[in-house]
Amino acid sequence: MGLLTIGAFAKASRLSPKALRLYDELGLLAPARVDPVTGYRLYAPEQLDQARLVAWLRRLGMPLARIQHVCTLEAGPGAQEIRAFWAQVEAGTAARRDLATFLIDHLSWKDLAMSPTAKPLGIRYAALSDTGHVRESNQDTAYAGSRLLAVADGYGSAGTPASATAVDALKHLETDSIPGGNLLNALEDAIEQAKQAVNGIVGVGSSPEEAGTTLTAMLWTGSQLALVHIGDSRVYLLRDGELFQITHDHTMVQSMVDEGRLGAEEAASHPQRSLLVRALGQGADATPDMRLHDARQGDRYLLCSDGLSTVVPTEEIRRVLSEVGDPEQAVRELVVLANGSGGPDNISCVVADVMELQQ
């Protein structure tokens, strides 16, 4: 078969002549020959596979520059690159879905405590932070109050004041009266205050990459817990005997798992498993995950730094949370478990139980 005119090639590839001219100009899909007299573009039939791949990738929403890169790859690496791109799309969609859910809950939020038929709920809580057996100092901060629960895991030369400053920036939420309609704005403002406060701390005598902190916190609203999360500290929910991780680690390794480049077992032992992609610190991406959780009587929440979650198996965490009724005793036993596994990092735990208030 001879060369195809741009019209025939466009029809066969399902790309418009306008798109083919653009892809030629970008070096993405050059014609096999350009007539020196007429300037008509002519294409070889064997170029159809690449043209169709470009069309399909455009339908996926892949940027042209990335399509150009995919087209230079062999089949295996090309498939891996498409998988990584789609994982990023799904992560972005999930983040927008979480925000949409938050906004729906936020706009329809009603304090169940105001209903005469609702049982008034509160929380019983405890917090504990420990240096561990290896670190010289404790850069974690753990806090639990009647409305605010928080864990921050500092790192670098100013990690200790960074984590303390981040949590301190949220403590006004304990006493501030926040109407349901202002909850989202209050949380957003508090995170911005924490970000600015941490930047002020780590900017003194430190380069941006040397210091910062994670921040994971929950604000009790009376019928719900509002979650803000940046970094790799975690929140678990024990409900009806089942343990659920309700935060997503903001680490490079977790991103590789999400993209299908790394398996869960490989991630657990990866040498860069603690490398953060989101944190509070100068130059860091401080975009928080935010969501609301409906509280149920009998729920138990655990906030912890990675000094617990990376060394204690999830089943052991579930066992302690299920069997130890008192939050004070529960946080002590979790710290003992982490130290029993070597205590290679600082360990911080906050345990909070949702319970009916006595009237």
Side-chain angles (χ1 to χ4, degrees), residues 1-104 188 230 248-264 266-267 270 272 275-278 283-291:
M1 183 185 296
L3 297 179
L4 302 175
T5 65
I6 190 171
F9 191 77
K11 184 176 181 180
S13 65
R14 298 186 179 179
L15 288 168
S16 68
K18 181 179 179 180
L20 288 172
R21 285 191 287 270
L22 173 63
Y23 297 161
D24 179 19
E25 293 170 5
L26 296 175
L28 182 62
L29 186 64
R33 179 173 176 267
V34 178
D35 189 288
V37 177
T38 64
Y40 287 166
R41 294 171 172 83
L42 302 171
Y43 293 83
E46 53 267 27
Q47 289 183 282
L48 281 172
D49 283 344
Q50 183 175 355
R52 288 167 181 153
L53 176 60
V54 171
W56 291 330
L57 293 176
R58 286 299 290 158
R59 290 176 65 184
L60 279 181
M62 184 178 287
L64 290 173
R66 195 159 184 175
I67 292 175
Q68 190 168 26
H69 174 62
V70 170
C71 289
T72 65
L73 301 175
E74 298 294 331
Q80 188 74 6
E81 185 66 19
I82 295 170
R83 184 180 295 112
F85 167 75
W86 191 246
Q88 292 176 353
V89 171
E90 289 185 322
T93 301
R96 291 193 295 273
R97 182 177 63 244
D98 286 346
L99 179 57
T101 300
F102 189 107
L103 289 170
I104 291 167
E188 195 169 42
I230 305 166
H248 193 72
D249 294 346
H250 298 147
T251 62
M252 181 64 71
V253 166
Q254 184 60 55
S255 297
M256 294 169 69
V257 172
D258 295 341
E259 294 171 2
R261 300 186 182 191
L262 205 63
E266 296 172 296
H270 197 282
Q272 293 182 312
L275 184 61
L276 297 170
V277 295
R278 291 195 220 173
D285 179 359
T287 305
D289 290 341
M290 300 177 66
R291 60 178 63 92

Quick one: CG on Leu53 to SG on Cys71, what's the gap to the nearest 0.5 Å?
5.0 Å
List the atom of Glu188, the atom of Met290, and the distance in Å for their closest heavy-atom pair.
N-CE, 4.4 Å
Let me confirm one number: the OG1-NE2 distance from Thr287 to His250, rounded to the nearest 0.5 Å.
9.0 Å
Does the side chain of Pro288 come within less than 4.5 Å of Arg291's, by heavy atoms?
no
Point-to-point distance, once rounded to the nearest 0.5 Å, from CG of Asp24 to CD1 of Ile6:
8.0 Å
Exercise: identify the closest heavy-atom pair between Pro31 and Val34:
CG-CG2, 3.7 Å
So, for Ala44 and Phe9, which heavy atoms are closest and what is the spacing to 0.1 Å?
O-CE1, 3.7 Å
Note: Leu29 and Tyr43 closest approach over all heavy atoms is O-CE2, 4.2 Å
Using every non-hydrogen atom in the two residues, find where Arg58 and Ile67 come nearest and quote the distance to one decimal.
CD-CD1, 3.3 Å
For the backbone of Ala30 and the side chain of Gln47, can you confirm whether one donor and one acceptor N or O come within less than 3.5 Å of each other?
yes
Keeping Arg278 on the side-chain end and Ile230 on the backbone end, is there a donor-acceptor pair under 3.5 Å?
no
If you count the non-hydrogen atoms of other residues, nucleotides and ligands that lie under 6.0 Å from CZ in Arg52, is the total more than 12?
yes
Pair Ile82-Leu60, side-chain contact (heavy atoms from CB on, under 4.5 Å): steps then yes or no:
CA-CA 9 Å; Ile82 295 170; Leu60 279 181; 4.1 Å; yes
Side chains of Leu20 and Arg41: does their closest heavy-atom pair fall under 4.5 Å?
no
Val70 and Met62, any side-chain heavy atoms less than 4.5 Å apart
yes
Please report the closest heavy-atom contact between Tyr23 and Leu64, naming both atoms and the distance.
CE2-CD2, 3.6 Å
Between CG on residue Asp35 and OH on residue Tyr40, distance to nearest 0.5 Å
9.0 Å
